[in-house]
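The block underneath contains the structure these notes are about, expressed in C-alpha cells.
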Amino acid sequence: MCGRFAVTTDPALLAEKIKALDEATQTSTGAKSGPNFNVAPTQTITTVVKRHSEPDDQSTRRVRSMRWGLIPPWAKTAEDGSPDNKGPLLINARAEKVTDSPAFRNSAKSKRCLVPMDGWYEWRPNGEPGKKTPKTPFYMYGDDGELLFMAGLWSTWRPKGAPKDSPPLVSCTIITTDAAGPLAEIHDRMPLTISAPDWDRWLDPDAPVDEGLLRGHGDLDRIAIREVSTLVNNIRNNGPELIEPAEPQPEQGVLL
DNA sequence: CCAGACGTTGTT
DNA sequence: GTCTGG
DNA sequence: CCAGACGTTGTT
DNA sequence: GTCTGG
C-alpha cells in the first residue's frame, strides 16, 4: 500500500519540471517547504491535476496542495465546523473499487490526480502471522533517481451552510493495486504508478477513467527496493538518513 | 417513502 | 483494545 | 503507515 | 451526493 512517503522536490520546481501552473504556493495552506522524508496521512501534500480556466478552454496541468485523506463531499459537519470523520482515514482507495464505491466513484469520473514522490515506505511483517514481531521498513523508489507519480483521486468539501463559492477543503487519496514483482515479497498491495506518457490521459477531466491504466502497473519496472532503519517509524524523525540503506534484518518464521 | 450507510489495510 | 494525531 | 493516548467529579 | 434496506 502506501501510508508514508518522501518528497524532496518543492512545488515550484515540480511545476517547472512537468510544465504545469504552480497553484500550490499561492495558498496559505500549502505543503511545508523543503524536503520531507516522512510525509504522513492528514498532512498537506503536493499533487498534479488538470483543469480548465474557462469551461471551453483546453485543460492544463496544475500543481495543487491537498490534505492527504479523502473527505467525500457528503461528509457531515462536526460542531466545530470540521468534517465529521467516522471510520478509517481514506488515505488509499482500491483500484478494483474506485469506479463503484460511493466514497470514490464521483472523484473517479472527473477528479483524478497524480501524487509525485521520490519514493514510499512499506513495512514487512516478520514472523508468524498473528505474533507481534516488529515490522521491517523498506523504501521503494525510482531506480533512475526520478520522481514516481501515483494515481490519486481528490474531492472538495464545505461545512454545512457554507456558501458555494467559499474555499473548500480539498483532499485526496492514493490508489492501490495488487503488489507485483519483487514488491510482493514485502507487501500484498502497492500504489498505482502512472508513467509519464500516460499522465494526461489519467488526468483528463473530460474523459472517463481509463480502465487500462486502472488495471495496469504503470512504472513497476522502474521501482527499486531497499531496506531502511526503523527511524522512519516515528514521524518526528525526518531527514535523509530515513532513506539510507540499513543492515538487513532477518525475516523470521516464514523461511523456517 | 425515509433512514442510514458510504472507506482502507491487516489480522483473524 | 481502539481511536486520534501527524 | 506508526506512535501515543486513553479519565471522572468536584474544588480551587 | 447516491444507493440500499426496510
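Convention: sequence-line order gives letters A, B, ...; per-chain numbering from 1.
Note on A/D188: only backbone sugar-phosphate atoms sit closer than 4.0 angstrom, heavy atoms only; bases stay farther off. Using a 4.0 Å heavy-atom cutoff across all strands shown, A/W74 reaches at least one base atom of the nucleic acid. Counting any heavy atom pair closer than 4.0 Å across all strands shown, A/F104 reaches sugar-phosphate atoms only and no base atom. Nucleic acid contact for A/P88: base, since at least one base atom lies under 4.0 Å from a heavy atom of the residue.
Phosphate proximity of B/dG7 to A/T173: absent, as no side-chain N or O sits under 4.0 Å from OP1 or OP2. At B/dT8, one or more side-chain N or O atoms of A/K97 fall inside 4.0 Å of OP1 or OP2 (strictly under the cut-off). In this structure, A/R236 reaches the D/dG4 phosphate: one of its side-chain N or O atoms is under 4.0 Å from OP1 or OP2.
Pair assignment for B/dG7 gives none, since no Watson-Crick or G-U wobble pairing has each distance under 3.5 Å. Using the Watson-Crick or G-U wobble rule with both distances under 3.5 Å, D/dC1 pairs with C/dG6.
Here D/dA3 presents its P atom at 13 Å from CG of A/L242, a figure rounded to the nearest Å. Taking atom CH2 of A/W123 as the reference point, atom C1' of D/dA3 lies 11 Å away to the nearest angstrom. Rounding to whole angstrom units, CE of residue A/M1 and C1' of B/dG7 are separated by 12 Å. Between A/W68 atom CH2 and B/dT9 atom C1' there is a gap of 13 Å when expressed in whole angstrom units. The distance from atom CG of A/D100 to atom C1' of B/dG7 is 14 Å, rounded to the nearest whole Å. Here D/dC2 presents its C1' atom at 17 Å from CZ of A/R124, a figure rounded to the nearest Å. We find that CZ of A/R94 is positioned 5 Å from P of B/dT9, with the value rounded to whole Å. One can place CG of A/D84 at 15 Å from P of B/dC6, the figure rounded to the nearest angstrom.
Partners of A/R112 according to the salt bridge (Lys or Arg N to Asp or Glu O under 4.0 Å) rule, which considers only residues two or more places apart in sequence or in another chain, do not exist here. For A/D144, the side-chain contact (heavy atoms from CB on, under 4.5 Å) criterion is met by A/E146, A/R222, not counting sequence neighbours.
For the pair A/R226 and A/Y141, the distance from NZ or CZ to the six-membered ring centre is under 6.0 Å and the angle to the ring normal is within 45 degrees.
Of the candidate nucleotides D/dA3, B/dT8, B/dT11, B/dT11 has the atom nearest to the side chain of A/K135.
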Could you go over nucleotides 4-6 of chain C and give all protein N or O partners under 3.5 Å, atom names and distances?
{"unit_1": "C/dG6", "atom_1": "N7", "unit_2": "A/P41", "atom_2": "O", "d": "3.2"}
{"unit_1": "C/dG6", "atom_1": "N7", "unit_2": "A/T42", "atom_2": "OG1", "d": "2.8"}

